[in-house]
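In what follows, a structure is listed as structure tokens, so that the remarks can point back to it.
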4 protein chains.
Amino acid sequence: MQYDNKPIYKQIAEYLYELILNGEWPDGERIPSIRDMAVQMEVNPNTMTRTYGLLQEQGIIYNRRGIGYFTIMDAREKTSSLKKAEFIHNELPEIFKKMDNLGMDTDEILALYDKYKN
Amino acid sequence: MQYDNKPIYKQIAEYLYELILNGEWPDGERIPSIRDMAVQMEVNPNTMTRTYGLLQEQGIIYNRRGIGYFTIMDAREKTSSLKKAEFIHNELPEIFKKMDNLGMDTDEILALYDKYKN
Amino acid sequence: MQYDNKPIYKQIAEYLYELILNGEWPDGERIPSIRDMAVQMEVNPNTMTRTYGLLQEQGIIYNRRGIGYFTIMDAREKTSSLKKAEFIHNELPEIFKKMDNLGMDTDEILALYDKYKN
Amino acid sequence: MQYDNKPIYKQIAEYLYELILNGEWPDGERIPSIRDMAVQMEVNPNTMTRTYGLLQEQGIIYNRRGIGYFTIMDAREKTSSLKKAEFIHNELPEIFKKMDNLGMDTDEILALYDKYKN
DNA sequence: GTGGTCTAGACCACC
DNA sequence: GTGGTCTAGACCACA
């Protein structure tokens, strides 16, 4: 129960954010085609199209017709701030409220943080 | 993005956990019938059946034939530990790893915790 | 899953068969009233009515209006042969077929029989 | 008395166990879609959804989003051991106790076993 | 009254 | 195409 409910295209997006944050997809460079990436991730090209579409919507990558997809010039910085803002506003409040409901205190939280942060 | 994806029957389950944790549904007592609860929550009885079925699977409530559903004797305690374990094992690792990736440190986390915990 | 699905009135009937087979309800004697038995078994009188009705259908007990229920003269013998025939024709074939399907052999069956018979 | 009480969705589950045990649904392969199976079994798709849900809970099949259901890699072995354990723990004790109560001895049991096992 | 099951039909996200 | 969920309405055994 509740292992990985997220749609595949979002799971892949998470993975691509990592690639950008790690510098494996450097700022302003061309990234693999949808087709290649679909092969590499072993998913349907339609699914990869959705993933790229999502990143494009978020302004992290863009498309040059007939050439391919590219990261924007400050992709790394933008991804970082975008994900952080999104996380803090959309997820954190719910998470912390839940923790409080479950009777977790700051000591317990910090201990678990050290355990799980990586 | 990230509004409320959860199916209704699970959202109701979340609400019922609260009722149990708050003591509004005391340990070992009869809870409203599926039909009554469906009216109260303004959903179809089938949907409520799913919710009760979920709580029954988790061993928090049980059924007496022809009489109705009851919370188990230690429903409150069980719900609390069950939800906590579920949260710590299934959600926390991912959350904390994400926080670390986003460059959040303990100070920032604690500040946000105080802000959002309730 | 699958602990006790049987309707309560049948569960009680099983118990009453035992009483008869054990001689605790001797042949031809009066048995407790529906009302008393319902109190004793802690069930709704309607439920006990069903149970007595079932035994009456099977010709093991009968009713004298205004007086009460009685076991028939050869209740013990009749119960025994009736239950045995019922069991052999209705349940055994399915059970043995299932055992065979699950790859159980006679040795295993006999070992389990000795373990569980009582 | 004792015709077929089991709900349809469980009867179908029984049938699917057979398909797996017989190798008609080989390990690790895709099985028919809910809709197709519903047509084939002449039931409502909702009913088939319940059946597949049951098998999924038991860890015999799993779902790939948007693609369909698959048997797990060792579906046959798992189904066999699961059904056998379930049978031995939940049904056998009661059955053998009953047999003993009815005065059946090992000879009689074995004779009936040979008669009915297939 | 209670819950359990089934059908029919619909909508949706996802692949 | 796939499954997941929801509604509406019905029937049934059971207490």
Side-chain angles (χ1 to χ4, degrees), chain A residues 4-12 34 38 41-51 53-54, chain B residues 1 3-12 30-38 41-56 61-70, chain C residues 4-12 34 38 41-51 53-54, chain D residues 1 3-12 30-38 41-56 61-70:
Chain A
D4 214 344
N5 268 329
K6 282 182 227 148
I8 293 176
Y9 81 95
K10 280 186 186 171
Q11 292 177 41
I12 295 174
I34 286 180
M41 302 298 292
E42 298 179 311
V43 296
N44 190 299
N46 287 336
T47 304
M48 192 54 70
T49 302
R50 280 206 164 196
T51 303
L54 178 61
Chain B
M1 200 163 187
Y3 36 116
D4 213 346
N5 273 324
K6 284 180 221 150
I8 294 176
Y9 80 96
K10 281 187 184 168
Q11 292 177 41
I12 295 174
R30 182 165 182 272
I31 62 178
S33 76
I34 287 180
R35 285 161 171 66
D36 286 352
M37 207 62 198
M41 293 275 110
E42 299 179 309
V43 295
N44 187 287
N46 285 336
T47 303
M48 191 54 67
T49 299
R50 281 192 117 172
T51 303
Y52 274 25
L54 178 61
L55 267 66
Q56 188 173 33
I61 64 176
Y62 69 99
N63 177 260
R64 288 200 214 158
R65 300 187 55 143
I67 301 182
Y69 278 92
F70 296 73
Chain C
D4 213 344
N5 267 328
K6 284 182 225 145
I8 293 175
Y9 81 95
K10 281 188 186 170
Q11 293 176 40
I12 295 174
I34 286 179
M41 303 297 293
E42 298 181 311
V43 296
N44 189 298
N46 288 336
T47 303
M48 192 54 68
T49 302
R50 280 207 164 194
T51 303
L54 178 61
Chain D
M1 200 165 188
Y3 37 117
D4 213 346
N5 273 323
K6 285 178 221 149
I8 294 177
Y9 80 96
K10 281 186 186 170
Q11 292 177 41
I12 296 174
R30 182 166 182 271
I31 62 178
S33 76
I34 286 180
R35 284 162 173 62
D36 287 353
M37 207 60 198
M41 294 274 111
E42 299 180 308
V43 295
N44 186 288
N46 285 337
T47 303
M48 192 54 68
T49 299
R50 279 193 118 173
T51 302
Y52 274 25
L54 178 61
L55 267 67
Q56 188 173 33
I61 64 176
Y62 69 99
N63 175 258
R64 289 201 214 157
R65 301 188 53 143
I67 301 180
Y69 278 92
F70 296 73

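Note: hydrogens, waters and symmetry copies are ignored here, and every other heavy atom, side chains too, is used. Proteins get letters first, then strands, A, B, ... in listed order; numbering begins at 1 in each. Given the structure is predicted, the values throughout are model-derived calculations rather than measurements.
Note: CE (D:M37) to P (F:dT2) measures 14 Å, nearest angstrom. One atom, CE of B:M41, and another, C1' of F:dC6, lie 17 Å apart when rounded to the nearest Å. Distance, D:K6 NZ to E:dG4 C1': 17 Å, rounded to whole Å. At whole-Å resolution of the value, OH in B:Y62 and C1' in E:dG3 are 15 Å apart. Residue D:R65 contributes atom CZ, which lies 13 Å from atom C1' of F:dT5 at whole-angstrom precision. Counting to the nearest Å, the C1' atom of E:dA8 and the CE atom of D:M48 are 16 Å from each other. Rounded to whole Å, atom P of F:dT2 lies 15 Å from atom CD1 of D:I61. Taking atom CG of B:N63 as the reference point, atom P of F:dA15 lies 11 Å away to the nearest angstrom.
Taking 4.5 Å as the limit, every side-chain heavy atom of B:Y52 sits out of range of all side-chain heavy atoms of B:S33.
The nearest pair of heavy atoms linking A:A38 to A:P45 is CB-CA, 3.8 Å.
Comparing A:I8 and D:V43 against DNA chain E, the residue whose closest nucleotide sits nearer the 5' end is D:V43. Projected onto DNA chain F by closest heavy-atom contact, B:E42 and B:G66 fall at different nucleotides, the more 5' of which corresponds to B:E42. With DNA chain E read from its 5' end, the first of the two nearest nucleotides for D:I67 and B:I31 is the one closest to B:I31.
Listed by chain and residue number, nothing satisfies the ring-ring contact (aromatic ring centres under 6.0 Å, His included) test with D:Y9 (two or more places apart in sequence, or in another chain).
Between the OG1 atom of D:T49 and the CD atom of D:Q56 there is a distance of 11.0 Å, given to the nearest 0.5 Å. To the nearest 0.5 Å, the span separating CD1 on B:I61 from CZ on B:F70 amounts to 11.0 Å. Rounding to the nearest 0.5 Å gives a distance of 13.0 Å between CZ of D:R50 and CD1 of D:I34. Rounding to the nearest 0.5 Å places CE of B:M41 at 12.0 Å from CG of B:D36. Distance check: A:N46 CG to A:T51 OG1 gives 11.0 Å after rounding to the nearest 0.5 Å.
Between F:dT2, E:dG3, F:dA15, one nucleotide has an atom nearer to the side chain of B:S33 than all others, and that is E:dG3. Nearest to the side chain of A:Y9, among F:dT7, E:dC15, F:dG3, sits E:dC15. Taking the side chain of D:P7 as heavy atoms from C-beta on, and the options F:dG3, E:dT5, F:dC14, the nearest nucleotide is E:dT5. Here the side chain of B:T47 is nearest to one of F:dG3, F:dT7, E:dC14, namely F:dT7. Candidate nucleotides E:dC14, F:dT2, F:dA15 were compared by shortest atom distance to the side chain of D:D36, and F:dT2 ranks first.
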(message) What does the 5'-to-3' dot-bracket notation of DNA chain E look like when only Watson-Crick and G-U wobble pairs under 3.5 Å count, and pairs to other strands show as |?
(response) ||||||||||||||.
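Look at A:R50 and you'll find a side-chain N or O under 4.0 angstrom from OP1 or OP2 of E:dC14.
In this structure, B:Y69 reaches the sugar-phosphate backbone alone: every heavy-atom distance under 4.0 Å involves primed, P, OP1 or OP2 atoms, never a base.
A donor-acceptor pair is defined here as one N or O able to donate and one able to accept, closer than 3.5 Å; no such pair exists between the side chain of A:T47 and the backbone of A:V43. One N or O on the side chain of B:R30 and one on the backbone of B:I67 form a donor-acceptor pair closer than 3.5 Å.
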Restricting both atoms to N or O, compile the protein contacts to nucleotides 9-11 of chain F shorter than 3.5 Å, with distance only.
unit_1: F:dG9; atom_1: O6; unit_2: B:N46; atom_2: ND2; d: 3.1

